[in-house]
Amino acid sequence: MKSSQPAVLDLRSEPYTRGYYRVLSPAQMSVALESRGVCGPDLSAPLNCFELGMGFGLPLVAHAACFPHMRFYGNDFNREHVTYASQLAKDAGLTNVEVFEDSFEKLLDRDLPPMDIISMHGVYSWISPKVRKMVLRFIAERLRPGGTFYVSYNALPGWAAQMPLRELVNLHGLRQVSVGATPVERLSQTLDFLDDFARVNPMYFEQDISVRARLGGLRSLDPHYAAHEYFNPDWHPMHFHQVASEMADVGLEFAAPALLSEQVDNAILSQPTRDLLSSVGDPILRETMRDFVLNKSFRWDLYTRGASRASAAQTAQFRKDRGWLLATARSEGITGPLVAGTTTYMDAPTTCRLLDALSEGPATARELSLRPGLEQLDADYIVDALLLLEDEGQVHPALPVALRDSARDSVRRFNTAVMQRPAEDGLHYLSCSASGRAMGWSTIALAQIRAAYQGALTVDDMVHAMRPQFEGDGDGQVPAKQLAHSAGRFFASRAPVLRHLGLL
C-alpha cells in the first residue's frame with residue numbers, strides 16, 4: 001500500500017539551535033589565514049560581513065559587538081530566527097547589524113554593498129545543487145577581490161559508512177510516524193524504533209561498529225539540531241575536491257583550515273604520513289588525501305578571492321609576534337599534558353608553565369620563549385602548542401590594543417543584554433573585546449559576572465546579589481556557604497582572566 005506520508009518534511013518553521021561558532025569571528029579568520037601565509041582581512045578597516053543562513057544569529061550579533069566599526073549582515077528564511085537576531089542587536093544598542101528574512105534566491109535581488117567576508121556555517125551540504133548555485137552566484141557578485149569566504153559542511157569519506165543510517169532515520173520518520181508529529185517527536189519515535197531494530201542485529205550494524213556509535217550518539221544531540229540534520233530534504237556530504245571545484249568556478253581558492261588546531265600537522269599526522277602527503281604536488285589532491293587519512297566527516301574551510309600571499313618572513317612574524325590571552329583560570333584549566341588526538345604534543349610540566357606564563361597577562365610566542373622554564377622551546381613549537389590550546393578553550397588570540405579599547409562599550413552592552421534575558425531563553429555566551437569572540441558560561445558563572453557588572457566588589461557583595469536566584473531548597477539552589485566559596489574563587493582566579501579578555 002502506498003504511504004500517505006509527505007515526500008519531504010518542511011523544516012522552515014522548526015527553530016534551530018542557538019549555537020555559537022568562534023570560526024565565524026573575523027578575528028579567528030584573520031589568525032587562521034595569516035598562520036598559513038595568507039594576508040587576512042584588515043581588522044582595523046570598516047569591513048562588511050555577511051552570514052548566509054545565520055540561524056538565530058548569535059555569532060553575527062556577538063561579533064558585531066566586538067567590531068563596532070564593521071557592518072554585519074545576515075539572512076534566514078525562518079522568521080523566528082530573524083526576529084530573535086534583530087531584537088538581540090536592538091537590546092544591545094548595536095546599529096551595525098542588519099538581518100533579512102530572505103531565501104537565498106530572494107537575497108540575490110537585495111541592494112547590498114560589496115562584502116569583505118561572507119560566511120556559511122553548516123548549510124552548504126544541506127541545500128540542493130540548485131540552491132548551491134544561487135549561493136555561488138551571491139558570492140561571485142558580492143565578494144570583493146581579496147575577500148574571504150568561510151564554509152563548513154558534512155564531508156566525505158567520514159560520513160560514508162553512516163549515510164545509510166541517515167537514510168533509514170529519514171525514511172522511518174517520514175513514512176512510519178503520524179503526519180501530525182512535530183519534527184522532534186518524529187525523531188524520538190524513530191530512535192525508539194531503531195533501538196529495537198538494532199537489537200535484532202542487522203548485518204549493517206554488526207559489520208561497522210561506527211554505525212551503532214552514531215545511532216547511540218543521536219540521543220545526546222540537541223533534538224532540534226538532529227531533526228534538521230536527519231529530516232532535511234537535502235543532505236549532500238561532499239569530498240573536499242568537489243567543494244574546491246565549485247569554489248574555483250566563482251574565482252575562489254582554498255586558503256586555510258578555519259580551525260587553528262587543524263593547522264598543526266606535526267601533532268595530527270605521523271611523520272610517514274606527512275612525508276607521503278608532501279610528495280603530492282597537486283594541493284587539491286593532497287588535501288583530499290588528508291581527509292582520507294583522518295576520515296574527516298566535517299570540514300571548516302576558508303577560501304579567498306585573490307588574497308595577497310605573505311612572504312616567509314612575514315608569516316614567521318605573524319606567528320611569533322601575535323599576542324595570546326589566557327581564556328580559562330588556571331584553577332579550572334589544564335593541569336596535564338597537551339594531547340592532540342592520541343599524541344602527547346607537550347608534557348604536563350611544560351604545558352602548565354606555558355599557561356602559567358599567560359596568566360600573568362597577554363604575551364607573544366616570542367616573548368613566551370624567553371620565560372623561565374620555556375627558554376629551551378622554539379617559538380614555532382610554542383605557536384603550534386597555542387593553536388592546539390585554543391581548540392581546548394584554554395587560550396584566545398589577542399586583538400591589537402586599539403581594537404580592544406574601541407569595543408569595550410559595545411561588548412558591555414551586548415553582555416548586559418544577554419544577562420538580562422530570562423533563564424528559559426538559554427543564551428549563555430558573552431563577548432570578549434580583547435579577542436573578538438564570545439565564550440559560553442554556566443548558569444552560576446553568568447550570575448557571578450552579572451553581579452560583577454552590577455558592582456559587586458567583594459565575596460559578600462556577590463553572595464548578596466546571587467541569593468535571590470540560588471539560595472533555597474528547590475532544584476538549582478545552592479547553599480550560602482557554597483555560594484561564598486565559589487565567589488571567592490571567582491575573585492581570586494577567574495576575575496583577572498576576565499579582565500584580560502575584556503569581558504569585565
Side-chain angles (χ1 to χ4, degrees), residues 21-24 28-38 40 119-125 132 148-163 208 210 213-214 236-249 252-305 307 309-310 312 315 318-319 338-346 380-381 383-392:
Y21 313 101
R22 68 190 189 280
V23 286
L24 293 169
Q28 180 89 357
M29 295 184 197
S30 179
V31 172
L33 289 170
E34 291 177 353
S35 296
R36 274 294 179 96
V38 179
S119 55
M120 192 177 209
H121 181 75
V123 178
Y124 199 75
S125 52
R132 283 208 311 273
T148 298
F149 176 59
Y150 160 79
V151 62
S152 63
Y153 56 94
N154 275 349
L156 295 170
W159 260 104
Q162 285 80 34
M163 289 175 74
D208 190 333
S210 68
R214 176 77 69 172
H236 308 283
M238 302 173 74
H239 287 287
F240 167 77
H241 74 88
Q242 294 171 317
V243 176
S245 177
E246 293 185 352
M247 297 298 134
D249 288 342
L252 302 184
E253 61 180 348
F254 175 65
L259 289 182
L260 303 185
S261 60
E262 284 287 325
Q263 300 192 13
V264 191
D265 280 352
N266 288 342
I268 298 171
L269 306 175
S270 68
Q271 184 63 56
T273 301
R274 298 200 301 273
D275 291 343
L276 179 62
L277 292 181
S278 67
S279 71
V280 178
D282 183 276
I284 302 300
L285 174 59
R286 184 168 60 247
E287 192 69 20
T288 302
M289 290 178 64
R290 188 177 185 276
D291 283 356
F292 276 81
V293 170
L294 299 172
N295 198 29
K296 296 285 287 184
S297 60
F298 200 81
R299 286 194 64 103
W300 302 258
D301 289 334
L302 291 168
Y303 288 80
T304 58
R305 170 170 283 165
R309 295 278 168 172
T315 301
F318 287 151
R319 286 170 54 85
L338 174 57
V339 177
T342 59
T343 304
T344 297
Y345 184 79
M346 182 178 281
D380 276 319
Y381 178 75
V383 170
D384 285 344
L386 291 166
L387 296 178
L388 295 172
L389 286 166
E390 185 275 338
D391 194 55
E392 298 287 333

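From a predicted model like this one, the values you see are computed outputs, not experimental measurements.
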- Check: S152 side chain, G122 main-chain N or O, donor-acceptor pair, under 3.5 Å: yes
| When you check the gap from the basic side-chain N to the acidic O, do E253 and R309 get nearer than 4.0 Å? | yes
Nearest heavy-atom contact between G40 and E34 is N-CG, 3.8 Å
- prompt: Can a salt bridge be assigned to the pair D208 and R214 using a cut-off of 4.0 Å between side-chain N and carboxylate O?
  reply: no
Inset, instruction - Would you mind reporting whether L302 and T148 have side-chain heavy atoms less than 4.5 Å apart? - result: yes
Is there a donor-acceptor pair under 3.5 Å between the side chain of Q242 and the backbone N or O of H239? yes
Rounding to 0.5 Å, atoms OH (Y345) and CG (L389) come to a distance of 10.0 Å
Distance col, row F254:CZ vs Y303:OH, nearest 0.5 angstrom, shows 6.5 Å
All heavy atoms of P257 vs all of D301, minimum pair found to be CA-OD1, 4.2 Å
Exercise for review: Please assess M289 against V280 for the test side-chain contact (heavy atoms from CB on, under 4.5 Å), listing each intermediate value before the final yes or no.
Suggested key: CA-CA 9 Å; M289 290 178 64; V280 178; 3.8 Å; yes
Discussion item. Assess the residue pair S261 and E390 against the criterion (side chain to side chain donor-acceptor pair (under 3.5 Å)); give the C-alpha distance rounded to whole Å, side-chain angles, the decisive distance to 0.1 Å, and a yes or no.
Written reply: CA-CA 7 Å; S261 60; E390 185 275 338; 5.8 Å; no
Are the side chains of M120 and Y150 in touch, meaning some heavy atoms are under 4.5 Å apart?
no
- request: Could you tell me whether a side-chain N or O of D282 sits under 3.5 Å from a main-chain N or O of L285, the two making a donor and an acceptor?
  value: yes
Item to complete: Determine whether N266 and R274 make a side-chain contact, defined as any pair of heavy atoms from C-beta on separated by less than 4.5 Å.
Response: yes
Any R319 side-chain heavy atom under 4.5 Å of T315 side chain
yes
d(S35 OG, Q263 CD) to nearest 0.5 Å is 5.0 Å
Rounded to the nearest 0.5 angstrom, the OG-CE distance for S297 and M163 is 12.5 Å
Walk me through it: do F149 and R305 pass the test side-chain contact (heavy atoms from CB on, under 4.5 Å)? CA-CA 8 Å; F149 176 59; R305 170 170 283 165; over 6 Å; no
Between S245 and H241, is there a donor-acceptor pair closer than 3.5 Å when you use the side chain of the first and the backbone of the second? no
Closest non-hydrogen contact found for V23 with A258 is CG1-O, 4.0 Å
- [ ] Taking only Lys NZ, Arg NE, NH1 and NH2, and the carboxylate oxygens of Asp or Glu, determine whether R290 and E262 approach each other closer than 4.0 Å.
- [x] yes
M238 and R132 have their tightest heavy-atom pair at CE-NH2, 3.9 Å
Subject >> Donor-acceptor pair, side chain of T273 and main chain of L269, under 3.5 angstrom >> reply: no
Interatomic distance, OH@Y21 vs OG@S119, rounded to 0.5 Å, equals 12.0 Å
Worksheet item: Do N154 and F298 touch side chain to side chain, with heavy atoms closer than 4.5 Å?
Response: yes
Q: Go through T344 and L338 one step at a time and tell me if the side-chain contact (heavy atoms from CB on, under 4.5 Å) criterion holds.
A: CA-CA 6 Å; T344 297; L338 174 57; over 6 Å; no
CG (L260) and CG (D391) are apart, to the nearest 0.5 Å, by 8.0 Å
Quick one, M247 and V243 - any side-chain contact, counting heavy atoms below 4.5 Å? yes
Between E246 and Y124, does the side chain to side chain donor-acceptor pair (under 3.5 Å) criterion hold? Intermediate values first, please. CA-CA 11 Å; E246 293 185 352; Y124 199 75; 2.4 Å; yes
- Task: Using a strict 4.0 Å threshold on nitrogen-to-oxygen distance, state whether R299 and E287 make a salt bridge.
- Result: yes
- Is a donor on one side and an acceptor on the other found under 3.5 Å between the side chain of S278 and the backbone of D275? yes
Would you sort out whether L156 and F240 count as a side-chain contact (heavy atoms from CB on, under 4.5 Å), showing the intermediate values? CA-CA 8 Å; L156 295 170; F240 167 77; over 6 Å; no
Exercise. Could you check if a side-chain atom of V123 sits within less than 4.5 angstrom of a side-chain atom of Y153, using non-hydrogen atoms only?
Key: no
A340 and A267 have their tightest heavy-atom pair at CB-CB, 3.6 Å
